Amino acid sequence: MQRQFPIEQTRNIGIMAHVDAGKTTCTERILFYTGRTYKMGEVHEGDTVMDWMPQERERGITITSAATTCLWRDHQINIIDTPGHVDFTAEVERSLRVLDGAIGLFCAVGGVEPQSETVWRQAEKYTVPRIAFINKMDRIGADFRRVVRQIGKVLNANAVPVCVPINEGPDFAGIIDLVRNVALYYDEGSDGTQIRETPIPADLQRDSQKWRRNLVEKVAEVDESLFEQFCAKTRFSPDELNAVIRRATHQHIICPVLCGSAFKNKGVQRLLDAVVDYLPSPLDLPPVIGTCVEGKPIERVPKDDGRMAALAFKVVADKYIGKLVYVRVYSGAMRVGTYVLNSTQRKRQRIGRLVKMHANQQQMVECLYSGEIGAVVGLADTTTGDTLCCEEEPIILEAIEFPAPVVSVAVHPEGRADDEKLLKGLLRLAEEDPTFVVETDKESGDTIISGMGELHLEILIDRLKREFGVNATTGAPQVAYRETITVPVSIDYKHKKQTGGHGQYAHVVMEVEPLGPGQGFEFVNKVKGGRIPMEYIPAIEKGILATMREGPWSTYPVVDLRVTVVDGSYHEVDSSELAFRTCGSMAFKQAVLKGGPQLLEPVMSVNVVTPEDFGGKVMGNLCSRRGRVVGMDAQGEAQVVKGFAPLACMFGYSNDLRNFTQGRASFTMHFERYEAVPLALAEEVIAARRKAKEEARR
């Protein structure tokens, strides 16, 4: 089987945005105009191709990223439609890790919203070139200029419009293409397929010339020859402009901005043109860098006859064909029936079947070529973030980092006979979702599930019922508190225990100091002169790590500190790994208790969009939840209240907000950072935690 399209005619793109900005609607139009589907699905009718899960269709939101492939202008475009809700931000994270370009979607009324910032920063983290599409230009309150300014100011992007709207709001009729200097009108009732191209009307000439001059100035700054033409007032051809815009987009110098209304079928074809013209193919980007077995950096160039290297970025449990592992092939080719090496886990595995995905539908293929995205059936031992490569020259690609869960609940099956089915279902879901963690409380025996928010856990419990046939009940949500220290402390601890035969002896001197928020744990060995043999140093670290899982002060995990072992001693007969592990654990407990222990709680960034009449109530309610308001902005006729509040006080907020604003306000909330809990409240939390543990022991 030969490759259908050259690699330079391949685009791997994602659509990312704040919730309800219109990502799925835009994707549905793309599929229709490229001939991938014959009918446009609508989110409000629950018949979209990309939102295929029952939970997505019922709630009208995207929960899991869905992949598909379509063709436009003899180019193959692989698209991943990502969720906008913050509880499913891991889907965006892993998608952007394997994509070459992205479309940032913005609502013409809402502008740059909180989750817009989050996904934009995620794209910056992986240096993904982006174009922007300002959607919903047909809505009342749409303001193209304001959103362009916000993209520049809030996201620090050099936003350069390549097309502008013809009118805004209900009168939105089409767009002016600044590159070709023409007006494009979309005839009503034609599903957007009938486009009239005309010269720019006289009443729009002055405004369009300003935008055109802005575009030419920005691209002329990038290219020396174009700058000379600009100074000489020479006219630019569309091909010249497109070539420079493309190069500047790849270099992150500018962000081309387009506009339209996906729901009204306007501007989507121009967006597809921009994907082909401006976003990169795999050849346009630097080679992917990984490490060899010895830890030295090596690279893989995207070519079909090169050494095979692919990254598994998603795992799905399909009820019909079993485990599906989504992969991005960076170099070489992955063929059915061949053996590959999972270099992350050092296991040899066979490629059973290969498929290309169209949402939840599979198309069997014999080979996935360099630069392509597909899925593999039969990789039982592969998980998210693993590298698959050829056996002759192994490589380990950079894995994907995921945020830690912030909410936990205890879950029980309704019938005792379902215990095994519950555990099996939870483990399958945890294999799919790296931000979903399943643990067993050692004292109570309860199964504890943790995730990114209430909605996240609610969806997973619903999936347990529908996909695995397990009816489960959950307890009250529990906040993922953490413990840390506030002052540096030095500990000199000696562990001596004499029993029949060999005793136990270990002596450790350590310094423990606090680190900044989110910096995790560091272990440093500064022992000199063999005062502690090197084989015992890892045992000390293991003892510390074991204690950190359940802190000595609050029984919550300990975070954000550095432990430096500076001295100690040992006994030739009585010292052992067990002795030093115990010594490290006991010394660390003393250090935490002497280091001014402090309880930390997750604090959420909260944005509430409310009618002006309810602004005061929103701020008052937020403050009553130990929150603090940091700003208020106007958004059309509404107000946006911005603030921070502890997660512990935000459970049930959606119902309260709906009640006191008559259902007219909406809010978004995402994890921001950990902050200290007030001492009086911390004592209450710790007392409740200890009481629960005592009851569990009984």
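This is a predicted model, so every value here is computed, not measured.
Across Ile151 and Ala132, no two heavy atoms sit closer than the pair CD1-CB, 4.1 Å. Closest heavy-atom contact between Ser116 and Phe106: CB-CE2, 4.0 Å. Nearest approach of Leu178 to Arg212, heavy atoms of both residues: O-NH1, 2.6 Å. When every heavy atom of Ser281 is checked against every heavy atom of Asp100, the shortest pair comes out as C-OD2, 4.3 Å. Contact record, Cys163 with Ile175: SG-CD1, 4.2 Å, taken as the closest heavy-atom pair. Closest heavy-atom contact between Cys107 and Glu113: CB-OE1, 4.3 Å.
Summarising the geometry, atom CD1 belonging to Ile13 is positioned 5.5 Å from atom CD1 belonging to Ile30; distances are rounded to the nearest 0.5 Å. Expressed to the nearest 0.5 Å, how far OH of Tyr186 lies from CZ of Phe172 amounts to 7.5 Å. Rounded to the nearest 0.5 Å, atoms CD1 (Ile131) and OH (Tyr278) are 8.5 Å apart. Summarising the geometry, atom OG1 belonging to Thr82 is positioned 7.0 Å from atom CG belonging to Leu96; distances are rounded to the nearest 0.5 Å. Taking CG from Asp81 and CD from Glu91, the interatomic distance works out to 10.5 Å, rounded to the nearest 0.5 Å. Note that CZ of Phe32 is 15.0 Å distant from OG1 of Thr27, once rounded to the nearest 0.5 Å.
Between Arg463 and Asp433 there is no salt bridge, since no side-chain nitrogen of the basic residue lies less than 4.0 Å from a carboxylate oxygen of the acidic one. With salt bridges taken as basic N to acidic carboxylate O contacts below 4.0 Å, none links Arg149 and Asp143. With salt bridges taken as basic N to acidic carboxylate O contacts below 4.0 Å, none links Asp138 and Lys266. The pair Arg246-Asp284 counts as a salt bridge, with a side-chain nitrogen and a carboxylate oxygen less than 4.0 angstrom apart. A salt bridge links Arg625 and Asp656; the closest N-O separation between the charged side-chain nitrogens and carboxylate oxygens is under 4.0 Å.
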Go through it in stages, so that I can follow the logic: the residues are His252 and Arg130, the test is side chain to side chain contact (heavy atoms under 4.5 Å, CB included), and I'd like the CA-CA distance, side-chain angles, deciding distance and then a yes or no.
CA-CA 8 Å; His252 306 275; Arg130 282 140 282 166; 3.6 Å; yes
Test side chain to side chain contact (heavy atoms under 4.5 Å, CB included) applied to Ile15 and Phe133, step by step:
CA-CA 10 Å; Ile15 302 180; Phe133 182 72; over 6 Å; no
Steps toward salt bridge (Lys or Arg N to Asp or Glu O under 4.0 Å) verdict (Asp207, Arg145)
CA-CA 12 Å; Asp207 196 43; Arg145 288 171 173 78; 2.7 Å; yes
Report the C-alpha distance between Lys264 and Met137 in whole Å, list the side-chain angles of each, state the deciding distance to 0.1 Å, and finish with yes or no for side chain to side chain contact (heavy atoms under 4.5 Å, CB included).
CA-CA 9 Å; Lys264 295 291 186 179; Met137 288 302 309; over 6 Å; no
Start with the C-alpha gap between Leu429 and Leu464, add the side-chain angles, then the distance that decides, and say whether side chain to side chain contact (heavy atoms under 4.5 Å, CB included) holds.
CA-CA 8 Å; Leu429 293 173; Leu464 269 179; 4.0 Å; yes
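You'll find the side chain of Lys617 stays beyond 4.5 Å of the side chain of Thr661, heavy atoms only. Looking at heavy atoms from C-beta onward, Arg626 lies in side-chain contact with Glu601 at the 4.5 angstrom threshold. Taking the side chain as every heavy atom from C-beta outward, Phe436 and Leu457 approach each other to under 4.5 Å. Under the 4.5 Å side-chain criterion, counting only non-hydrogen atoms from C-beta, Lys136 is not in contact with Val109. The side-chain heavy atoms of Glu398 and Arg97, taken from C-beta on, include a pair separated by under 4.5 Å. Side-chain contact between Tyr126 and Ile400 is present, with at least one heavy-atom pair separated by less than 4.5 Å. Contact of the Leu460 side chain with the Ile449 side chain is not registered, since no non-hydrogen atoms from C-beta on lie closer than 4.5 Å. Counting heavy atoms from C-beta outward, Met16 and Ser95 have side chains that stay 4.5 Å or more apart.
Partners of Tyr33 according to the ring pair (Phe, Tyr, Trp, His ring centres under 6.0 Å) rule, which considers only residues two or more places apart in sequence or in another chain, do not exist here. Listed by chain and number, the residues in a ring pair (Phe, Tyr, Trp, His ring centres under 6.0 Å) with Tyr481 are Tyr556 (sequence neighbours excluded).
Side-chain atoms of Asn242 never come within 3.5 Å of backbone atoms of Val179 as a donor-acceptor pair (strictly under, hydrogens ignored). Distance alone, capped at 3.5 Å, is enough to place a donor-acceptor pair between the Arg29 side chain and the Ala262 backbone. With hydrogens and angles disregarded, no donor-acceptor distance shorter than 3.5 Å links the side chain of Asn621 to the backbone of Leu657. For Asp560 (side chain) and Gly518 (main-chain N/O), a donor-acceptor pair under 3.5 Å exists by modelled atom type. Arg11 places a side-chain N or O within donor-acceptor distance of the main-chain N or O of Val276, the cut-off being under 3.5 Å. For Gln269 (side chain) and Gly192 (main-chain N/O), a donor-acceptor pair under 3.5 Å exists by modelled atom type. Under a 3.5 Å cut-off, the side chain of Glu675 and the backbone N or O of Val603 do not form any donor-acceptor pair.
Within 6.0 Å of CD in Glu401 there are 12 or fewer heavy atoms belonging to other residues, nucleotides or ligands. When the shell of 6.0 Å around NZ of Lys125 is examined, it contains more than 12 heavy atoms from other residues, nucleotides or ligands. Other residues, nucleotides and ligands place no more than 12 heavy atoms under 6.0 Å from the CZ atom of Arg206.
Shown are Leu272, Thr69, Thr34; of these, the side-chain contact (heavy atoms from CB on, under 4.5 Å) with Ile77 is made only by Leu272.
A cation-pi arrangement, defined by a distance under 6.0 Å to the six-membered ring centre and an angle within 45 degrees of its axis, is absent between Arg139 and Phe263.
Evaluation of the side-chain hydrogen bond (donor to acceptor under 3.5 Å, both in side chains) test over residues 155-174, restricted to residues two or more places apart or in two chains, returns Asn158-Lys218.
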